[in-house]
J.: 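I'd like to ask some things about the structure below.
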Amino acid sequence: MATKINVRSPFYIKAEPSVGTIISATMQLYVYTGAKLTTPTSSELRYTITKTPIDSNNYVVYEIAELVRDYLDIEFDGEYDSQCVWVRPTLSIDYSYIGGDYTETPTPVDYIAFDGYGYFYEGTNPELSRGLLLSNNTIFRLNDSNVRIPVFTEDTNSIAFYYEGALKRSITISSSTNTNAQIDYVTVSGSDNTDTYEERVVADGGTLETSKCLTGFLNQIDIGLVDEVWIATDTGTEIVKIFSTEECKYEPYKVTFVNKYGALQDLWFFKKSVESTNVTSEQFKASIFDQSTLSYKTYKHQQQSFLAQGKDRITMNTGYVNDDHNAVLEELLLSEQVWYTKITDTEERVIPVIPQTKSITYKTSVNDKLANYTVDFEHAFDKINNIR
């Protein structure tokens, strides 16, 4: 069983001899993707670090999370992929004992690293959940949209899908020694390649002509009609409730972000959205006077602008959500990788954004009755293409 590392928080390894007095310790840090290797090769070796003890300590400590994170690049293009790395630190400890110097090589331990983090109150080296990779047990989805629930496959055994208390289907989760299968994004609709009922009909060779607001009819025959997902793990069963929301007035947006567990998570914003563009530029005063004619052209710019550039922004509203979405909003604002999906007539475009909302007041059903959150996002690129 591999221990999980969340590399946005520190992860410490202690090198200490079983007997005697330490002289120095050397760590070779292997980081790689793909199948877990019995013995990593030199091509997977990333760092070799030798340390001596501080003062009278009989040990040395390595912090490896920051080193590992350099090799963990999270991407999202609409596909929900397991993105993590295998980590093996091997130690060699030189020590003195009864008049001689010796070397000890402890049995190496394999770790699996995710782009997650622990909170201060969770202490040192938090492993976090080994089953459901969400902080919330309630998901609000747009009617007829897919739901993907990330689970850690090593400790997850099976998933059962219920609607109004009746079991609709169940699946078995298989563990794997490959990094591309450590996170399974369980799809409520049962289809990894389609997001909506309409897409599933077309994928099966059929056609569908309907308005966006006929989702009540669609869900009567949609295999994605599920209101509870039961996740059986090695330590018990977790239940995620699914609430479907119909929105006919505003254009809903799906925001995808990397949560505290290092998994991709979706959050729907159902209500009013406002798009805007902020433009910046520099100016200089040009000389437009023609000395030869002692005149100037009145249609030329005396004040001229340059380095004009723009940034698009969008403000979204969640609509009414329940108390456990406080944690979701918190993780969204703390995430360093955020995208939203914009649906056009010809494509679904994944747009990278940066949350501009820097503070949030948490709402509860006791204090506020109904909770709606507003979040500002800025596109993570300039409006005018300047990639060179």
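We count residues from 1, following the sequence as given.
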J.: Kindly indicate whether a cation-pi arrangement holds for Lys271 with Tyr250, taking the cut-offs as under 6.0 Å to the six-membered ring centre and within 45° of the axis.
T.: no
J.: Do Ile159 and Thr172 come close enough that some side-chain heavy atom pair is under 4.5 Å?
T.: no
J.: If only atom types and distance count, is the side chain of Asn58 paired as donor or acceptor with the main-chain N or O of Glu16 below 3.5 Å?
T.: no
J.: Identify the heavy atoms of Pro89 and Leu29 that sit nearest to each other, and give their distance.
T.: CB-CD1, 3.9 Å
J.: If we only count heavy atoms from C-beta on, is the Thr315 to Ser273 side-chain gap below 4.5 Å?
T.: no
J.: Check for a donor-acceptor pair, side chain of Thr357 on one end and backbone N or O of Asp376 on the other, with a separation under 3.5 Å.
T.: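 Checked: pair present.
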J.: Arg141 and Ser244: side-chain donor and acceptor closer than 3.5 Å?
T.: yes
J.: Please check if any side-chain donor atom of Gln265 sits under 3.5 Å from a side-chain acceptor atom of Asn136, or the reverse.
T.: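 There is such a pair (donor and acceptor under 3.5 Å, judged by atom type) between the side chains of Gln265 and Asn136.
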J.: Using only atom types and a distance under 3.5 Å, with no angle test, would you say the side chain of Asp290 pairs donor to acceptor with the backbone of Ser292?
T.: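 Here the side-chain-to-backbone pair exists.
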J.: Would you say Leu294 has more than 12 foreign heavy atoms packed within less than 6.0 Å of its CG?
T.: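 Check passes, neighbour count above 12.
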J.: State whether a side-chain donor-acceptor pair under 3.5 Å links Thr26 with Thr50.
T.: yes
J.: If you apply the rule side-chain contact (heavy atoms from CB on, under 4.5 Å), what do you find for Val375 with Leu329, and how did you get there?
T.: CA-CA 9 Å; Val375 181; Leu329 268 295; 3.7 Å; yes
J.: When the aromatic ring centroids of Tyr253 and Trp268 are compared, is their separation below 6.0 Å?
T.: no
J.: Does Lys342 pair with Glu275 as a salt bridge, N-O distance under 4.0 Å?
T.: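 The answer is yes: the pair qualifies as a salt bridge.
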J.: Can you confirm whether Val87 sits close enough to Ile64 that some side-chain heavy atom of one is under 4.5 Å from a side-chain heavy atom of the other?
T.: yes
J.: Does the side chain of Phe270 come within less than 4.5 Å of Leu142's, by heavy atoms?
T.: yes
J.: Per the side chain to side chain contact (heavy atoms under 4.5 Å, CB included) rule, which among Asp73, Asn6, Leu72 passes with Asp115?
T.: Leu72
J.: When hydrophobic residues are tied together by side-chain contacts of less than 4.5 Å, even through go-betweens, does Leu264 share a cluster with Ile351?
T.: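 They do not share one cluster, since no chain of ILVMFWY contacts under 4.5 Å joins Leu264 to Ile351.
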J.: Under 4.5 Å between any side-chain heavy atoms of Val61 and Tyr12, yes or no?
T.: yes
J.: Run through Glu122, Glu336, Glu331 and flag the one making a salt bridge (charged side-chain N to carboxylate O under 4.0 Å, His left out) with Lys260.
T.: Glu122
J.: Strictly distance-based, threshold 3.5 Å: is any side-chain N or O of Lys358 a donor or acceptor partner for the main-chain N or O of Pro355?
T.: yes
J.: Evaluate the criterion side-chain contact (heavy atoms from CB on, under 4.5 Å) for residue pair Ile23 and Asp101; output intermediate values, then yes/no.
T.: CA-CA 9 Å; Ile23 300 171; Asp101 293 340; 3.7 Å; yes
J.: Taking all non-hydrogen atoms of both residues, which atom of Thr245 and which atom of Phe140 are closest, and how far apart?
T.: OG1-CD2, 4.4 Å
J.: Within the distance-only criterion (no hydrogens, no angle test), does the side chain of Ser335 pair as donor or acceptor with the backbone N or O of Val338 below 3.5 angstrom?
T.: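 The answer is no, because no donor-acceptor pair under 3.5 Å joins these two groups.
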J.: Taking only Lys NZ, Arg NE, NH1 and NH2, and the carboxylate oxygens of Asp or Glu, determine whether Lys4 and Glu127 approach each other closer than 4.0 Å.
T.: no
J.: Verify the distance criterion only: is there a donor paired with an acceptor across the side chains of Thr138 and Asn322 at less than 3.5 Å?
T.: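 The answer is yes; a qualifying pair exists.
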J.: Students often mix this up, so state it plainly: with edges at 30° and 60°, are the rings of Tyr296 and Phe289 parallel, tilted or perpendicular?
T.: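 It falls in the tilted class, 30° to 60°.
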J.: In terms of ring plane angle, is the pair His379 and Tyr340 parallel, tilted or perpendicular, where the classes change at 30° and 60°?
T.: tilted
J.: Restricting to non-hydrogen atoms, name the atom on Phe257 and the atom on Leu267 that form the minimum distance, rounded to 0.1 Å.
T.: CE2-CB, 4.2 Å
J.: In this structure, would Tyr261 and Trp339 fall into the same cluster of hydrophobic residues linked by side-chain contacts under 4.5 Å?
T.: yes
J.: Determine whether a donor-acceptor pair (N or O, by modelled atom type, separation under 3.5 Å) exists between the side chain of Asn367 and the backbone of Thr364.
T.: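 Not a single qualifying donor-acceptor pair exists.
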J.: Fit a plane to each ring of Phe76 and Tyr80, take the angle between them on a 0 to 90° scale, and name the class: parallel (under 30°), tilted (30 to 60°) or perpendicular (over 60°).
T.: perpendicular
J.: Can a cation-pi geometry be assigned to Arg88 and Tyr30, taking NZ or CZ under 6.0 Å from the six-membered ring centre and within 45° of the ring axis?
T.: no
J.: So Phe11 and Tyr111, would you call those rings parallel, tilted or perpendicular, with 30° and 60° as cut-offs?
T.: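 Phe11 vs Tyr111 ring planes: perpendicular.
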J.: Determine whether Phe306 and Ser281 make a side-chain contact, defined as any pair of heavy atoms from C-beta on separated by less than 4.5 Å.
T.: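 No, every pair of side-chain atoms sits at 4.5 Å or beyond.
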J.: Which value, rounded to the nearest 0.5 Å, describes the distance between Ser287 atom OG and Lys300 atom NZ?
T.: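 The distance works out to 9.0 Å.
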J.: Treating Glu378 as the side-chain partner and Ala380 as the backbone partner, does any N or O pair qualify as donor plus acceptor under 3.5 Å?
T.: no
J.: Can you tell if the side chain of Ile112 reaches within under 4.5 Å of the side chain of Trp86, non-hydrogen atoms only?
T.: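 Sidechains of Trp86 and Ile112: in contact.
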J.: Between Lys363 and Tyr373, is NZ or CZ placed under 6.0 angstrom from the six-membered ring centre and within 45° of the ring axis?
T.: yes
J.: Please work out whether the ring planes of Phe377 and Phe269 are parallel, tilted or perpendicular, with thresholds of 30° and 60°.
T.: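 Ring orientation, 0 to 90° scale: perpendicular.
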J.: Are Arg130 and Glu154 close enough for a salt bridge, meaning some N to O gap below 4.0 Å?
T.: yes
J.: Any ion pair linking Glu228 and Lys241 (charged N to carboxylate O, less than 4.0 Å)?
T.: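 The answer is yes: the pair qualifies as a salt bridge.
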J.: So, Thr233 and Asp155: side-chain donor and acceptor under 3.5 Å apart, yes or no?
T.: no
J.: For Asn125 and Pro10, work out which heavy atoms get closest and say how close.
T.: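 Between these two residues, the closest heavy atoms are OD1-O, 3.7 Å.
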J.: Give me the ring orientation class for Tyr119 and Tyr121: parallel if the planes are under 30° apart, tilted from 30 to 60°, perpendicular past 60°.
T.: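 Geometry flag for Tyr121 against Tyr119: tilted rings.
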J.: What I want to check is whether the side chains of Thr153 and Asp184 have a donor and an acceptor closer together than 3.5 Å.
T.: no
J.: May I ask you to decide if Gln28's main-chain N or O and Thr48's side chain share a donor-acceptor pair within less than 3.5 Å?
T.: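 No; judged by distance alone, with no hydrogens or angles, the pair does not exist.
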J.: Taking a hydrophobic cluster as the set of Ile, Leu, Val, Met, Phe, Trp and Tyr residues connected by side-chain heavy atoms closer than 4.5 Å, whether directly or through intermediates, do Val240 and Leu332 fall within one such cluster?
T.: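 Different clusters: Val240 never reaches Leu332 through Ile, Leu, Val, Met, Phe, Trp or Tyr contacts under 4.5 Å.
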J.: Whether the Asn157 and Asp234 side chains hold a donor-acceptor pair (N or O, under 3.5 Å, no angle test) is what I'd like checked.
T.: yes
J.: For a 4.5 angstrom cut-off between non-hydrogen side-chain atoms, does Ser135 reach Asp324?
T.: no
J.: Evaluate side chain to side chain donor-acceptor pair (under 3.5 Å) for Asn146 paired with Thr187, printing each intermediate quantity in order.
T.: CA-CA 7 Å; Asn146 211 338; Thr187 54; 5.0 Å; no
J.: Grouping I, L, V, M, F, W and Y whenever their side-chain heavy atoms are under 4.5 Å apart, do Tyr185 and Val255 come out in a common cluster?
T.: no
J.: Linking I/L/V/M/F/W/Y whenever any side-chain heavy atoms sit under 4.5 Å apart, do Val328 and Leu334 land together?
T.: no
J.: Does one side chain, of Asp312 or Thr277, offer a donor that lies under 3.5 Å from an acceptor on the other?
T.: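 Side-chain D/A pair, Asp312 to Thr277: present.
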J.: So, does Gln182 use its side chain to make a donor-acceptor pair with the main chain of Thr179 at under 3.5 Å?
T.: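 Checking the backbone N and O of Thr179 against the side chain of Gln182, no donor-acceptor pair under 3.5 Å is found.
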J.: If the plane angle is over 60° it's perpendicular, under 30° parallel, otherwise tilted; pick one for Tyr47 and Tyr71.
T.: perpendicular
J.: Kindly check if the number of other-residue, nucleotide or ligand heavy atoms within 6.0 Å of CD (Gln303) is above 12?
T.: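 Atom CD in Gln303 is packed in, count exceeds 12.
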J.: Would you name the heavy atoms of Val226 and Phe161 that are closest together and state the gap between them?
T.: CG2-CB, 4.0 Å
J.: Write down the atom of Ala308, the atom of Ile384, and the distance for their closest heavy-atom approach.
T.: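 Of all heavy-atom pairs spanning Ala308 and Ile384, the closest is O-CD1, 3.6 Å.
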J.: Ignoring hydrogens and geometry beyond distance, is a side-chain donor-acceptor pair present between Ser82 and Asn180 at under 3.5 Å?
T.: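 Side-chain D/A pair, Ser82 to Asn180: absent.
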J.: Using only atom types and a distance under 3.5 Å, with no angle test, would you say the side chain of Asp77 pairs donor to acceptor with the backbone of Glu79?
T.: yes
